[in-house]
J.: 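Pasting in a structure now, in structure tokens, and then I'll have a few things to ask.
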Amino acid sequence: MSKEYNPKEIESKWQKKWEDDGLYQANIDESRKKFYALTMLPYPSGDLHTGHWYAIAPSDARARFKRMQGYNVMFPIGFDAFGLPAENAAIARGIHPREWTYKNIQNMRSQLKRMGTMVDWRREMISSDPKYYRWTQWFFIQLFKHDLAYRKYSPVDWCPQCNTTLAREQVHGDDRHCERCSTPVIKKDLEQWFFKTTNYADELIDFSQIDWPDRVKTLQTNWVGRSEGADVVFKTEDGDDLTVFTTRPDTLWGATFMVLAPEHLLVDKVTTDEQKEAVGKYREDAILKTEIQRASVDKEKTGVFTGGYAINPVNGVRIPIWIADYVMMGYGFGAIMAVPAHDERDFAFARQFELEIIPVIQPEGESFDGKTMPEAYVGPGLMINSAQFNGTAVTDDKGRKNPGLDKVIDWLEKEGLGKEAISYKLRDWLISRQRYWGAPIPMIYCEDCGWNPVPDKDLPVVLPDDVEWLPTGESPLKLHPTWKDTICPKCGKAAIRETDTMDTFMCSSWYHLRYLSPDYDQGPFDPKEYDYWMPVDLYTGGIEHATMHLMYTRFFHKALRDMGVTEGHEPMTMLRNQGMVLGEDGEKMSKSRGNTVAPDELVNKYGADTVRSYLMFFARWDLGGPWNSQGIGGTERWLYRVWTLYTDPAEGSKPADGVMRDIKRDLHTALNNITRDYEQVEFNTIISTLMELLNNLVLAKRNGAANSPEWRGILETYLLMIAPAVPHIAEELWTEVLGNEYSIHTQKWPEADTELMAVEEITLIVQVNGKLRDRIVVPVDITREDAEKTALASPGAAPYLEGKDIRKVIVVPGRLVNIVI
RNA sequence: GCCGAAGUGGCGGAACUGGCAGACGCGCGCGACUCAAACUCGCGUUCCCUUGAGGAUUGUGGGUUCGAUUCCCACCUUCGGCACCA
């Protein structure tokens, strides 16, 4: 048999057979350990692009590896099918978003199948299906009933391009642009639905139960932005409470003025008649500025004195109240105590407006003078000018760990002047969207009864088909003549529906639960399936969702736990991120740049196995990198050479001396390394090890190995090793060439034999002063003494030793001898 | 400014306990095959020079060590995130 390798033919043949046989169906099997492998679901944008392949194909290889290891593996896929592009296509081209979406899904589904994945298609979910979003809506209602969803009127981020509000997480970069369309967002005052993500701030930064990349953990930790400190109650001269949050209560004695955000509620009250005009003007300017864009960091501080004064509760000192836009209404209380001696921003402000600066922390050997200090001092030291606390040590530590803070907070609490407090940058999740193509928020507003959820029996609240998709800034559902009219579920009187839809991140927060039982109608998922499959054992996807999807889904599970829906509170035990495949020019792939690589064309040209293995091989998976259209020839050649190895007749007669021993050692060493690399989700070295091993196999064959009775076993093991990465060629060679029983993908992953890995001889490295001088082949079990003797006498080292005193000889058994002179 | 990741040949990258730097692949060079080319196969390929039992070399500079890509300190560059967060 010496058939040519024809990937096109064998790939479609096996894909069909695998599907017909249901080879990859994942069913509960209590006798086997489960493994839930999950990759982030794609948005059905029309075509599967290289990024999809990069995310899915190596993840599929990893899932196949776990399957061969004996795990019952579920590797599902679905579509994140709600979202703006569908609606924009409707506006631009007059196609219904549903039609556009489902056509794309159909296309992408067949593209996905050409990849040769082990996806169990019976478990597919589509988030825009009513049978799916019925449960998205049900979850919303559960959150509402448990006080985790609420409605609030507040200034919110609005994307003028997408014509909808956004969550804080979906506003990116220093120009505060929309995550989807990159248009800078503006502020609007609107009443919107929020989820109480802030309830879980502390839990969200606890990663003790999960194995996630440090990068993601850091991003989420920074996003939550926990600060420890104290709330301190100042009084205005009128006697109103003016509470501030501070991380530095130890510097309270150095507070020489206060600053309110321009929007702060007390501004009007504290402002004196003389200052009214200036304050009013500043406020107007500040509000305008927020509309355009709030201040860059390095600009000069601006602000206005209100004319009012506050009393510092720790020492009774009267200090002026200013307003300035460097204080944000959205954080803490929208008001600060300013300690210019020990805060850079307050310092800059004080110098700008010639306000008093009183140092209250001083390192030993220094003597600060508020009038001459060149900058704020933020380091450790001893408290001064602070009454009974003088001499208390202040360190660099945050919160209670810092002795100065600890003592002052205790004292504040005892005196009733303030209390320990923690502040977060995390905001509640704004989920209302003024768009059509999303899950309707299942709430009804009645003049008498207020907001009530749609009764369970009326779910899903179905999206009507007959709407106009005009980008008006109002939800298209609102403009529908009848859809919003309904009756109040409480009193039965005429009422209206919520016409906004949900953020699509709501849909993707729980999709991994729907795969468990996509057709289940007694609840969002079948508890039996949940108990068996959850949690996700390995989740793979891009890092761009670190502070969006990956945070939302963790929030979701913590909320589900508190609502009694599930027990687990971490959805994904292990997370690994892939990088991005860039264009050959090193830039992000985009149609407008013309540097995209179409996976369909690659598959036509090379076959799926070559594309799969090249994606695993060409870069570190977690980093990604530029595509190289020449490089793919390397994995193509590898597979052709694999084919030749199995189909060309044996050479020579008998294996030469040591050939079989050497090739078995190579085989098992490679197996050992590949097993480890799969476990560690490091794909590039898997392929390079397989290539290297093939080179050795070719060599061994040339030296007669193919005439050994052991050769067949070696060939079988090699096929098992390549099977997860290149499933088609492995199956073809396994069944059609070796004539083994179908299917290779139900075979067991081989185990590395450590005895066969052992070597009898090693190359002893001889160094003189750490420099390589010789290599000598010696028995592996050579004694220290013999190794030393051999090294000292070695021809490479001897000349360097002549006439020198040998000070020391380091012998590392099995590795090297270092002679120090 | 703060937080994080990464810097190794012409390129992607490897080196998994501190012990042979450059595995594997691309590219390139030479050779075989061919009328010729492509494919394929074989050999070579870190750099430098005064070409040898030579020297240098993992972003830069220091340190620890018999020995450092690996550990420590300082700095530089690139990328990502946050950004007046009190």
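Here is the naming used below: chain letters follow the sequence lines, and residue numbers restart at 1 for every chain.
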J.: My understanding is that a pair needs two contacts under 3.5 Å, Watson-Crick or G-U wobble. By that rule, which nucleotide pairs with B/G29?
T.: B/C43

J.: I want to verify a distance call: between B/C24, B/C20, B/G54, whose nearest atom is closest to the A/Met691 side chain?
T.: B/C24

J.: Looking at the base of B/C84, is there any donor atom on it, or on the side chain of A/Lys301, that sits under 3.5 Å from an acceptor on the other one?
T.: yes

J.: If only side-chain N and O atoms of A/Arg702 are considered, is one of them under 4.0 Å from the OP1 or OP2 phosphate oxygen of B/G42?
T.: yes

J.: Using 4.0 Å as the upper bound for N to carboxylate O, is an ion pair formed by A/Glu228 and A/Arg226?
T.: yes

J.: Closest to the A/Lys425 side chain: B/C82, B/A23, B/C41?
T.: B/C82

J.: Have a look at A/Arg427 and say if it touches a base, only the backbone sugar-phosphate, or nothing, with a 4.0 Å heavy-atom cut-off.
T.: nothing

J.: Quote, to the nearest angstrom, the C1' distance that separates B/G63 from B/G13.
T.: 30 Å

J.: Say we look at B/U70 and B/C2: how far apart would their C1' atoms be, to the nearest angstrom?
T.: 28 Å

J.: So A/Arg807, base contact, sugar-phosphate only, or nothing? Heavy-atom distance under 4.0 Å.
T.: nothing

J.: Indicate, with a heavy-atom threshold strictly under 4.0 Å, whether A/Asn818 touches base, sugar-phosphate, or nothing.
T.: base

J.: What interatomic distance, in whole Å, is found between P of B/C43 and the corresponding atom of B/C26?
T.: 14 Å

J.: Given that both distances must come in under 3.5 Å, which nucleotide forms a Watson-Crick or G-U wobble pair with B/U50?
T.: none

J.: Hey, does A/Val812 reach any base, or is it just sugar-phosphate, or nothing, if we go heavy atoms under 4.0 Å?
T.: base

J.: B/A53 and B/G9: how far apart are their C1' atoms, nearest whole angstrom?
T.: 25 Å

J.: Name the nucleic acid region contacted by A/Gly173, choosing base, sugar-phosphate or nothing; use a 4.0 angstrom heavy-atom cut-off, strictly under.
T.: sugar-phosphate

J.: Which nucleotide, B/C26, B/G55, B/C82, lies nearest any side-chain atom of A/Asn628?
T.: B/C26

J.: Counting only distance, no hydrogens or angles, is the base of B/C16 paired donor-acceptor with the side chain of A/Asp677 under 3.5 Å?
T.: yes

J.: Does a side-chain N or O of A/Arg168 approach OP1 or OP2 of B/A83 to a distance below 4.0 Å, or not?
T.: yes

J.: More than 12 foreign heavy atoms under 6.0 Å from CZ of A/Arg400: is that the case here?
T.: yes

J.: So which nucleotide does B/A5 pair with, by the Watson-Crick or G-U wobble rule with both distances under 3.5 Å?
T.: B/U78

J.: Using a cut-off of less than 4.0 Å, is there contact between a side-chain N or O of A/Arg215 and OP1 or OP2 of B/A6?
T.: no

J.: Show your reasoning for whether side-chain hydrogen bond (donor to acceptor under 3.5 Å, both in side chains) applies to A/Thr302 and A/Tyr326.
T.: CA-CA 8 Å; A/Thr302 62; A/Tyr326 81 92; over 6 Å; no

J.: Can you tell me which nucleotide in B/C24, B/G54, B/C66 comes closest to the side chain of A/Tyr800?
T.: B/G54

J.: Taking the inter-plane angle between the rings of A/Tyr640 and A/Tyr5 on a 0 to 90° scale, is it parallel (under 30°), tilted (30 to 60°) or perpendicular (over 60°)?
T.: perpendicular

J.: Mind checking who B/U69 pairs with, Watson-Crick or G-U wobble, both distances under 3.5 Å?
T.: none

J.: So, are A/Asp211 and A/Arg576 salt-bridged, with charged N and O less than 4.0 Å apart?
T.: yes

J.: Is the phosphate of B/G27, meaning OP1 or OP2, less than 4.0 Å from a side-chain N or O of A/Gln630?
T.: yes

J.: Among the candidates B/C41, B/A23, B/A86, find the nucleotide nearest to the side-chain atoms of A/Glu692.
T.: B/A23

J.: Are A/Glu169 and A/Tyr552 linked by a side-chain donor-acceptor pair shorter than 3.5 Å?
T.: yes

J.: For A/Ser227 and B/A86, is the shortest distance between a side-chain N/O and OP1 or OP2 below 4.0 Å?
T.: yes

J.: Base, sugar-phosphate, or nothing for A/Pro795, non-hydrogen atoms under 4.0 angstrom?
T.: base

J.: Take the protein atom CG of A/Asn684 and the nucleotide atom C1' of B/C24, then report the distance between them rounded to whole Å.
T.: 10 Å

J.: Quick one: label A/Leu219 by what it contacts on the DNA or RNA (base, sugar-phosphate, nothing), any heavy atom closer than 4.0 Å.
T.: sugar-phosphate

J.: Any side-chain donor paired with an acceptor under 3.5 Å for A/Tyr800 and A/Asn769?
T.: no

J.: Is it the case that the base of B/C16 and the side chain of A/Glu682 share a donor-acceptor contact (distance under 3.5 Å, atom types as modelled)?
T.: yes

J.: Below the 4.0 Å mark, does B/C26 have OP1 or OP2 next to a side-chain nitrogen or oxygen of A/Arg637?
T.: yes

J.: To the side chain of A/Ala619, which of B/C84, B/A23, B/G13 is closest?
T.: B/G13

J.: Between B/C66, B/A83, B/A86, spot the one nearest the side chain of A/Asp174, thanks.
T.: B/A83

J.: Between A/Tyr640 (OH) and B/G25 (P), how many Å, whole number?
T.: 18 Å

J.: Think A/Lys771 has a side-chain N or O under 4.0 angstrom from the OP1 or OP2 of B/G55?
T.: no

J.: Using purine N1 to pyrimidine N3 plus N6-O4 or O6-N4 for Watson-Crick, or N1-O2 and O6-N3 for G-U wobble, each under 3.5 Å, what pairs with B/U17?
T.: none

J.: Expressed as a whole number of Å, how far does the P atom of B/C72 sit from that of B/G18?
T.: 11 Å

J.: Distance between the P atoms of B/A86 and B/C79, in whole angstroms?
T.: 28 Å

J.: Just to be sure I understand the rule, does A/Gly796 reach a base, reach only the sugar-phosphate, or reach nothing, if contact means heavy atoms closer than 4.0 Å?
T.: nothing

J.: For the side chain of A/Asp325, counting heavy atoms from C-beta on, which of B/A14, B/C84, B/G54 is nearest?
T.: B/C84

J.: What nucleic acid atoms does A/Gly814 come within less than 4.0 Å of, heavy atoms only: base, sugar-phosphate, or nothing?
T.: nothing

J.: Using whole Å, report how far NE2 of A/His172 lies from P of B/C82.
T.: 6 Å

J.: For a quick check of understanding: with a heavy-atom distance under 4.0 Å over all strands, which category does A/Phe349 fall into, base, sugar-phosphate or nothing?
T.: nothing

J.: Does any donor-acceptor pair link the side chain of A/Gln680 with the base of B/C16 at a separation under 3.5 Å?
T.: yes

J.: Counting only heavy atoms not in A/Leu623 (residues, nucleotides, ligands), do more than 12 fall under 6.0 Å from its CG?
T.: yes

J.: Searching all strands shown, indicate the nucleotide that pairs with B/U34 (Watson-Crick or G-U wobble; both distances under 3.5 Å).
T.: none

J.: Heavy atoms under 4.0 Å, any strand shown: does A/Trp638 hit a base, just sugar-phosphate, or nothing?
T.: nothing

J.: Output the single nucleotide from B/C24, B/G13, B/C41 whose closest atom is nearest the side chain of A/Phe617.
T.: B/C24

J.: Looking at B/C2, I'd like to know if its phosphate oxygens (OP1 or OP2) sit under 4.0 Å from a side-chain N or O belonging to A/Asn222.
T.: no

J.: Rounding to an integer number of Å, can you tell me how far A/Arg620 CZ sits from B/A5 C1'?
T.: 9 Å

J.: So does A/Asn695 get a side-chain nitrogen or oxygen closer than 4.0 Å to the phosphate oxygens (OP1/OP2) of B/G25?
T.: yes

J.: What distance, rounded to whole Å, do you find between the two P atoms, one in B/C11 and one in B/U17?
T.: 29 Å

J.: Parallel under 30°, tilted from 30 to 60°, perpendicular over 60°: which one fits the rings of A/His545 and A/Phe505?
T.: perpendicular

J.: Choose from B/C3, B/G19, B/A86 the nucleotide whose nearest atom is closest to any side-chain atom of A/Thr218.
T.: B/C3

J.: How close or far is atom C1' of B/A86 from atom CD1 of A/Ile323, stated in whole angstroms?
T.: 17 Å

J.: Considering only the C1' atoms, how many Å lie between B/A21 and B/A15, rounded to the nearest integer?
T.: 7 Å

J.: Classify the ring geometry between A/Tyr646 and A/Tyr718 as parallel (under 30°), tilted (30 to 60°) or perpendicular (over 60°).
T.: parallel

